[in-house]
Amino acid sequence: MKTIRKASEKDVDRIMKFLQEAKVSTADVDSQLHPFLLLESDNGEVLATLGIHMQEGKGLLRSLVISPCVEQYEVVALFREAFKFAVEERLEKIYLYTKLNSAVDFFHLLGFQKVDVDDSPSFVKSYKQFSEAILMEKSFSV
């Protein structure tokens with residue numbers, strides 16, 4: 001049975017290893033661990049990660065890494081947990097970047113819309129590694 005849960009301090013090394021194996025930046029992961037979600041197998045293996053950097057009443061989804069064995073419905077469940085967290089934290093919007101045009105339709109199904117990077121909050125613009133990516137946002141009623 002796979003489970004989704006919020007990460008704790010004891011998960012830092014496992015998350016870092018999982019992201020490094022996927023060749024994803026681990027910059028600030030340990031300082032951003034508080035709002036980090038994990039999808040784990042029944043034996044505790046990390047199968048997917050999703051971090052949420054929060055600032056200015058908004059959030060940036062980052063470090064989305066998904067193992068090939070994860071089913072699409074499990075990815076949707078991971079995002080639902082992120083949305084639940086966003087509502088609990090009273091975030092009015094969350095953002096994500098994607099470099100995959102093929103992922104845009106999937107994110108639309110989750111309620112995200114494309115937006116111009118110039119319309120995003122300053123902390124979102126500060127992520128230089130996303131300068132060539134597509135920015136998408138989802139609004140919440142808070």
Side-chain angles (χ1 to χ4, degrees), residues 1-8 11-142:
M1 169 122 182
K2 297 175 186 172
T3 57
I4 298 172
R5 66 175 179 85
K6 290 180 188 173
S8 68
D11 297 311
V12 172
D13 292 338
R14 294 173 55 231
I15 292 169
M16 298 288 271
K17 181 180 177 201
F18 184 72
L19 297 178
Q20 288 167 347
E21 288 173 357
K23 299 189 182 347
V24 172
S25 173
T26 58
D28 300 325
V29 167
D30 54 349
S31 66
Q32 297 301 321
L33 189 58
H34 169 69
F36 221 93
L37 299 174
L38 299 175
L39 172 65
E40 294 177 309
S41 67
D42 56 355
N43 66 356
E45 178 187 4
V46 177
L47 301 175
T49 58
L50 181 57
I52 306 169
H53 179 150
M54 297 182 299
Q55 196 172 336
E56 304 170 16
K58 297 178 178 58
L60 176 64
L61 300 181
R62 54 167 293 180
S63 305
L64 174 62
V65 176
I66 305 165
S67 295
C69 66
V70 174
E71 301 288 337
Q72 188 170 6
Y73 75 91
E74 294 167 322
V75 175
V76 171
L78 185 63
F79 273 91
R80 281 193 186 133
E81 285 299 311
F83 299 159
K84 187 169 123 183
F85 180 82
V87 169
E88 289 169 0
E89 294 295 320
R90 305 191 61 72
L91 300 179
E92 57 188 60
K93 292 181 189 243
I94 56 174
Y95 296 86
L96 65 78
Y97 288 98
T98 183
K99 292 186 178 187
L100 303 173
N101 280 323
S102 59
V104 171
D105 289 339
F106 175 74
F107 292 128
H108 275 295
L109 289 173
L110 295 175
F112 287 89
Q113 299 298 317
K114 277 184 172 181
V115 293
D116 190 302
V117 174
D118 294 333
D119 295 333
S120 63
S122 59
F123 85 95
V124 171
K125 291 180 196 176
S126 70
Y127 281 83
K128 304 225 184 314
Q129 68 264 41
F130 299 115
S131 61
E132 297 176 10
I134 300 164
L135 177 64
M136 302 186 80
E137 75 174 15
K138 178 176 174 67
S139 297
F140 296 92
S141 299
V142 291

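As a basis for the values below, the full set of heavy atoms in this structure was taken, side chains included, without hydrogen atoms, waters or symmetry mates.
- Ring pair F112/F79 is perpendicular by interplanar angle, where above 60° counts as perpendicular and below 30° as parallel.
- Put simply, the side chain of S120 does not reach to within 4.5 Å of the side chain of V115, judged on heavy atoms.
- Across L61 and I94, no two heavy atoms sit closer than the pair CD1-CD1, 4.0 Å.
- Summarising the local packing, CD of Q72 is surrounded by 12 or fewer heavy atoms from other residues, nucleotides or ligands at distances under 6.0 Å.
- Under 3.5 Å, the side chains of E56 and S122 contain a donor-acceptor pair of N or O atoms.
- Nearest heavy-atom pair across L37 and A82 is CD1-N, 3.5 Å.
- For the salt bridge (charged side-chain N to carboxylate O under 4.0 Å, His left out) criterion with K2, the lone passing option out of E45, E74, E40 is E74.
- Side-chain contact between F18 and V24 is absent, with no heavy atoms from C-beta onward closer than 4.5 Å.
- With respect to R5 and D11, a salt bridge is recorded, a charged nitrogen being found less than 4.0 Å from a carboxylate O.
- Between K6 and E89, no side-chain nitrogen of the basic residue sits less than 4.0 Å from a carboxylate oxygen of the acidic one, so the salt-bridge criterion is not met.
- Distance CZ/F107 to OG1/T98: 5.0 Å, rounded to 0.5 Å.
- Between V76 and R80, the closest side-chain pair of non-hydrogen atoms falls below 4.5 Å.
- A cation-pi geometry, defined here as NZ or CZ lying under 6.0 Å from the six-membered ring centre and within 45° of its normal, holds between K138 and F140.
- When all heavy atoms are compared, the tightest approach of S41 to L47 is N-CD1, 3.7 Å.
- Residues Y97 and L64 have side chains not in contact (no heavy-atom distance under 4.5 Å, counting atoms from C-beta outward).
- Taken from CD in E81 to CG in L50, the straight-line distance is 10.5 Å, to the nearest 0.5 Å.
- Once rounded to the nearest 0.5 Å, the distance linking CD of Q113 with CD of E137 reads 8.5 Å.
- Note that CD1 of I134 is 10.0 Å distant from CG of L96, once rounded to the nearest 0.5 Å.
- The two residues V117 and L135 come nearest to each other via the heavy atoms CA-CD2, 3.7 Å.
- Annotation: the span from H53 atom NE2 to S63 atom OG amounts to 11.5 Å, rounded to 0.5 Å.
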